[in-house]
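Values below: all heavy atoms of this structure, side chains included; hydrogens, waters and symmetry mates excluded. Small disclaimer: the values here were computed from a predicted structure and weren't measured. Letters go in sequence order (proteins before strands), and every chain restarts at 1.
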2 protein chains.
Amino acid sequence: MSSIREQNKIKTRRCILDSAVKLFSQKGFEQTSIEELAREAGIGKGTIYSYFETKRDIVKAFCDDQLDFARSELAAKSNPDTPLIEQLMIIFMADFNYVTEHKEFGRVYLHEKIFPKEPLTEEDFQVQNDYFDMLYPIYQRAQELGELRQDLELLHISGHVYAIYLLLLSCWYTGMVPTENIPEAMETMITQTLEGLAP
Amino acid sequence: MSSIREQNKIKTRRCILDSAVKLFSQKGFEQTSIEELAREAGIGKGTIYSYFETKRDIVKAFCDDQLDFARSELAAKSNPDTPLIEQLMIIFMADFNYVTEHKEFGRVYLHEKIFPKEPLTEEDFQVQNDYFDMLYPIYQRAQELGELRQDLELLHISGHVYAIYLLLLSCWYTGMVPTENIPEAMETMITQTLEGLAP
DNA sequence: AGAAAAAATCGACTGCGGTCGGTTATTTTA
DNA sequence: TAAAATAACCGACCGCAGTCGATTTTTTCT
C-alpha cells in the first residue's frame, strides 16, 4: 500500500488541478495568479512549484489527463467497420469540441505541444504514442478494407489527417472559420485528401 | 516631405528592431529583458512600449517584415511553368529554412499567428492575404495545366498544402523529424496529397 | 520510542513585463 | 518669434511568475 506521504501528494496534486480548472475557466489563464491559485487550493505558493515546473505545465498536465481519458472513452465506443471518414470525424470532432469548450486551456496546451520551446520529453512522446496507438488500427483496418492505399506508411497517413486537424484548429483560433463551419470543412478536406487533389 | 518627428519615429522603430534581432539572436528571446533591449537601442524602457504593445509584438513585427520581403523575392524568381510540386517546394522550403535559422523568432511568431489569443486583426489578415495572393496564381495555373482538379476551391487547395507545412513545422519543433529529413518528408506528403490516399 | 534523515511546505524575495504621470522635444498658432 | 498645444520620451513603480533557504511533517534507523 501507499504511504501517507504518497497519498497526500496525490490529493494535493488533484486539488491544485481542480482549483486551476475552476479559476482558469472562471477568470482566464493569464488573469489568474499563482498566489490566487494557491489560496484556492489551500496551500502555499511554493508548494505549487514542487508539483509543476511552470504555470503552463499545470494546463499541460490537466489536458494530458483529459485527452487520455477522452481517448479511452472513444476507443471503447468506436466501431471498426463503419467507413473510415465517419470514424475519423467522430474522433477529431471530439477533440475539436473539447478545445472549443476550453479555448483558453487549448491555446496554452497547443502552444506547448505543437511548437514547444524544447524538444518534447519522454513523457510528452508517451501521450503522442497513445494517440497513434488509437489511430493505427483504424487506418490499418481501412487499408485491409480497401479504403486506403496499402503502399503508404501509417505514419504518413496519420500525418495527413492530423495536419488537417491542426489547420482547422488554427483557422478557428484566428477567427477565419467559425465554429459551426468546422465539421463541414473537416469532412470536405479529409475527403479531398483521400481522393487526391490531382485529376 | 516628412517632418523631423516622423523621421525620428521611423529611425527609432528600426533601431528597436535591429537591437532586438541582435540580442534575441545572441541570448534568446526570454533571456533578453526589455530594459536590456532599451539600453542597446539607446532609449528608455517606456519608449519601446509606445512602438510595440508587447515584447512578443516586436518579434511579430520583425517576422511580418521579413516574410513580406522574402515573398516578394520569391515571386520575382518563380517560374509558373515548372511542375507544381517544384514551385511549392521552393516556396515552402524557403519559409522553412528561415524558421530553422531563427528557431527562437519562429516559435514566438508561430504561437502568435497560428494559435493567437485573440482573433487576428485587420493587419494580421493582410499578411495572410499577401500570402494567398502569391499562391493563388500558382494553383490556378496548375489547374489550367491539368495538374490539379478544377472542381476544388483554391482556398481548399491552399489549405491542404499549408496544413502539411504546419505539420512539418510542428514535427521539427518537437524533435520528431530532424532538419535534414524535412525536404524529403515535405515532398512525399505533398505528392501523396496530390495523388490521394485512397486506392 | 526517540533520534536522525529525508521529503514536503512555505512565504519573503528577485527579476522582469508592462503602466503611468511627469518631463522634454517638436509643431502649431498668434 | 514667443507662447500654447501636442506628441514622444522616460524611468520609478506595480503585479506576478518563479526561486530559495528556513521550517514542518513523515519516514527510516537503532
Within-4.5 Å side-chain heavy-atom neighbours: A:Q143 and A:R149: no
Which whole-number value in Å describes the distance from A:I34 CD1 to C:dC16 C1'? 16 Å
Just compare C:dC13, D:dC9, D:dG11 and give me whichever is closest to any side-chain atom of B:K45. D:dG11
How close or far is atom P of D:dT28 from atom CD of A:E6, stated in whole angstroms? 9 Å
Rounded to whole Å, how long is the line connecting atom CD1 of A:I10 with atom C1' of C:dA7? 16 Å
Length of the line joining B:E35:CD and D:dC10:C1', which is rounded to integer Å: 12 Å
Which whole-number value in Å describes the distance from A:K55 NZ to C:dG17 P? 16 Å
So that I know where these two stand, are A:F105 and A:F62 an aromatic pair - ring centroids less than 6.0 Å apart? yes
B:I48 CD1 - C:dC16 C1' separation (whole Å): 13 Å
Does B:S50 have a side-chain nitrogen or oxygen under 4.0 Å from the phosphate oxygens OP1 or OP2 of D:dC10? no
Report the distance from atom CD of A:E36 to atom C1' of C:dG11, rounded to the nearest whole Å. 17 Å
Phosphate oxygens OP1/OP2 of C:dT27: is one of them under 4.0 Å from a side-chain N or O of B:S3? yes
Check whether any side-chain N or O of B:T47 sits under 4.0 Å from OP1 or OP2 of D:dA8, and answer yes or no. no
Sidechain-backbone polar pair: A:S170 side chain, A:L166 backbone, donor-acceptor under 3.5 Å: no
According to a strict under-4.0 Å criterion, is A:Y51 in side-chain N/O contact with OP1 or OP2 of C:dT9? yes
Taking for each residue the nucleotide of DNA chain C with the nearest heavy atom, is it B:Q31 or B:N8 whose nucleotide lies nearer the 5' end? B:Q31
Pairing of A:E30 and A:R107 as salt bridge, 4.0 angstrom limit: yes
Should B:E112 and B:K117 count as an ion pair when the cut-off is N to O under 4.0 Å? no
Length of the CD-P vector between B:E53 and C:dC20, whole Å: 13 Å
